[in-house]
Amino acid sequence: MRSLKILPAIMVLSAMPIAATAQQPTTLSEVVDKIVAQEQAEMQLLRQYSPLVETYIQNVRPDKQLGTVPDGDKYFLGRAELGKGVELEPLEHDSGMKHKVFGSWASFFSTEFVPRGFLQMIYLDMNGFDRQHYKIEYIRREFLGEVRCLVFDVDPLPKTGKGRFVGRIWVEDQDFHIVRFNGAYGGSSLTSHYFNFDSWRMNSGKNLWLPAFIYSEQGSVRDAKTRSLGFKAFRAQTRLWGYDLGNVREEQELNKVLVEAQTPVNDQSEAANDYSPFQAERSWDRQAEDNVTERLERQGLIAPRGEVDKVLETVVNNLEVTNNLDVQPEVRCRVLMTSTLESFTMGHTIVVSRGLIDVLPDEASLASILAHELGHVVLGHRMDAQFAFFNRVRFDERETFRHFDFARTPQEELAAKQKGIELLSNSPYKEQSGTAQLFLEALKNRSKEIPNLISPHLGDRVSTSWTIVAAVFSAQPSNGDAKPAANVIAALPLGGRIKVDPWNDQLRMLKSKPVGTVSESEKVPFEVTPFVLYLTRQGEHSSTEAANAVAAKSDPEPKP
């Protein structure tokens, strides 16, 4: 018998202690030479990879109360071919970004964005970063998470050409990899423009720092020059992941040491019984689910199983227990890696996008989404069982979104909505449906400004869930004196919940300090915000051990 589980609210975040490792740098000149050599090696290393790349852009407009709010968006998802430079193969339908134009510019007059331009921001300088083209000035030391860095200002020397980087770099002080650079490529004109950007790399092993996140921003809603050129101010996030698709798990499984007992244990509980037709059909449907899930995971579109799946399954378990459900086969949850806000079911597998989990304010809001999808499962809404034939999932990657479509018919959606209302009404989340309603109202109100963010790749929009929560909320006794808490947040900005490992696609919940009072101008839901990563080293000592080691040793500056 399943028991009700109480999650540590997925909103509760805690800080990690700061730590570092110490290494004596040599002279400043030698340090700069090492940085240059390491960056050149980085460019060669990246040529062997083909990660997935997602760029999401939000135009912004002024708002009297909130300062700025989203005002239209664009979206791109593709596979990078870094061995060919900054080549990109789109995986999704065209959404207003040009795929076949090279460069890192956007025309002010046509307001067209070039996806390869955003990808180019993983490189400090594609034409060569060296002392013959740059002045590199040491500034100070600084921690980025647990990684101690040397900070330098970088400026191109005169007459070295356009497109050279102007800005600041952060260099980890053990092997001298550039782990962050903030600035722009110089040499913009009236017809093309290089954007300001902040590019981050994450450590995935010894001497392996991979480009993972890029924040871009250009223009200001208060800038008359921007408006006179007909160019809308914007913010953008670019994410990269899937550098080692499928390889890590396969190597781990092949390298496992299997010990066989002299008398092997053989569980005969299932083998002793033939499958009935009902059991055979369930098994066939499960095989279809597994085939599709494995295919999407190998492509980097679904994350490997991990802690976030367990959070989702705990909420589903709570819904099942309080509604006296015993669903067989058991309901599983997986996470779609994209930023788009969507959820869907594949038989008994519920899939929720990373972007949707990111913006949900609390567990009750998550429950409202999962209740609707669980409604499909309970009502027996099946997926296409033809996917149980493995050849049906063998096709070119570019055809993924044409082959897989898990959207439901209007009749199925209506039935699942009614079942979702019933499940949520009998759940422990019914008393907390107020915050869920605020979230879904905010989503409804913002839908016209973020059409690409709410356009699903594989399933349905989450708009149906709004009617579920509205129905549950309206059934609750009203309290005219009750007012929302002063610090209530209807929806979080993008990236507010989950951190992605770009190497193996593992997801984990973010851990950060409580932010205290949030002003009205900071409460813009579904907003693109900058990345500030807590960098760590893979395979290092624990944070406490490293911190103690640093505290016990002095840290002189590099000699000029």
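Just so you know, these numbers come straight off a predicted model, no measurement behind them. Values below: every heavy atom of this structure, side chains too, minus hydrogens, waters and symmetry copies.
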Donor-acceptor pair between Arg235 and Tyr215 side chains, under 3.5 angstrom: yes
Among side-chain atoms of Tyr429 and Asn318, is any donor-acceptor pair under 3.5 angstrom?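 Yes.
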Can you find a heavy atom in the side chain of [X] that is under 4.5 Å from one in the side chain of [Y]?
X: Asp309; Y: Val335; result: yes
X: Thr293; Y: Met346; result: yes
X: Leu336; Y: Leu356; result: no
X: Leu458; Y: Leu296; result: yes

Please identify which of these residues, Arg79, Arg398, Arg116, meets the salt bridge (Lys or Arg N to Asp or Glu O under 4.0 Å) condition with Glu89. Arg398
Starting at [atom1] of [X], measure out to [atom2] of [Y] and round the result to the nearest 0.5 Å.
X: Arg392; Y: Asn291; atom1: CZ; atom2: CG; result: 11.0 Å
X: Leu366; Y: Ser368; atom1: CG; atom2: OG; result: 7.5 Å
X: Ile369; Y: Ile350; atom1: CD1; atom2: CD1; result: 11.0 Å
X: Leu535; Y: Cys149; atom1: CG; atom2: SG; result: 6.5 Å
X: Phe213; Y: Met202; atom1: CZ; atom2: CE; result: 5.5 Å
X: Glu172; Y: Ile35; atom1: CD; atom2: CD1; result: 9.5 Å

Would you say [X]'s side chain and [Y]'s backbone share a donor-acceptor pair under 3.5 angstrom?
X: Asp501; Y: Gln506; value: no
X: Glu399; Y: Asp396; value: no
X: Glu146; Y: Thr536; value: no
X: Ser353; Y: Thr340; value: yes
X: Asp175; Y: His177; value: no
X: Arg180; Y: Leu144; value: no
X: Gln58; Y: Phe526; value: yes
X: Lys499; Y: Tyr534; value: yes
X: Glu307; Y: Met509; value: yes
X: Thr55; Y: Pro115; value: no

What residue pairs, at least two apart or across chains, pass salt bridge (charged side-chain N to carboxylate O under 4.0 Å, His left out) with a residue in residues 338-354? Glu54-Arg354, Arg354-Asp358
If you compare all heavy atoms of [X] against all heavy atoms of [Y], which two are closest, and at what distance to 0.1 Å?
X: Ile454; Y: Ser447; result: CD1-CB, 3.6 Å
X: Ala442; Y: Ala490; result: CB-CB, 4.0 Å
X: Arg334; Y: Leu312; result: O-CD1, 4.2 Å
X: Leu240; Y: Pro211; result: CB-O, 3.6 Å
X: Val316; Y: Cys333; result: CG2-SG, 3.7 Å
X: Arg286; Y: Pro329; result: CZ-CB, 3.7 Å

Using the ring of each side chain (for Trp, its six-membered ring), is Phe181 parallel, tilted or perpendicular to Phe165, with breaks at 30° and 60°? perpendicular
Whether Arg201 engages the ring of Trp209 as a cation-pi pair (distance to the six-membered ring centre under 6.0 angstrom, angle to the ring normal within 45°) should be assessed. no
Against the six-membered ring of Phe395, is Arg295 placed for a cation-pi contact (under 6.0 Å from the centre, within 45° of the normal)?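 Yes, Arg295 lies over the aromatic ring of Phe395.
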His376: which of Lys419, Arg382, Glu412, Glu413 passes side-chain hydrogen bond (donor to acceptor under 3.5 Å, both in side chains):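 In the set Lys419, Arg382, Glu412, Glu413, the residue that makes a side-chain hydrogen bond (donor to acceptor under 3.5 Å, both in side chains) with His376 is Glu413.
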Side chain to side chain contact (heavy atoms under 4.5 Å, CB included) partner of Phe234, the single match among Lys74, Gln218, Glu217: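 For Phe234, the side chain to side chain contact (heavy atoms under 4.5 Å, CB included) test succeeds with only one of Lys74, Gln218, Glu217, which is Gln218.
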Consider side chain to side chain contact (heavy atoms under 4.5 Å, CB included). Of Val377, Val315, Leu374, which one does Glu320 pass it with?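 The passing option is Leu374.
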Would Gln299 and Thr400 count as a side chain to side chain donor-acceptor pair (under 3.5 Å) if you check the C-alpha gap in whole Å, the side-chain angles of each, and the deciding distance to 0.1 Å? CA-CA 9 Å; Gln299 290 181 245; Thr400 297; 2.7 Å; yes
Test side chain to side chain contact (heavy atoms under 4.5 Å, CB included) applied to Tyr56 and Phe118, step by step: CA-CA 10 Å; Tyr56 177 64; Phe118 290 93; over 6 Å; no
Using the benzene-type ring in the case of Trp, are the ring centres of Phe113 and Phe76 under 6.0 Å apart? no
Can the ring centroids of Tyr123 and Phe129 be said to lie less than 6.0 angstrom from one another?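 Tyr123 vs Phe129: aromatic centres not under 6.0 Å.
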Residue pairs passing the ring-ring contact (aromatic ring centres under 6.0 Å, His included) test with at least one member in residues 342-370, sequence neighbours excluded, are Phe344-Phe406
Derivation and outcome, side chain to side chain contact (heavy atoms under 4.5 Å, CB included), residues Leu341 and Leu453: CA-CA 6 Å; Leu341 310 186; Leu453 186 63; 3.9 Å; yes
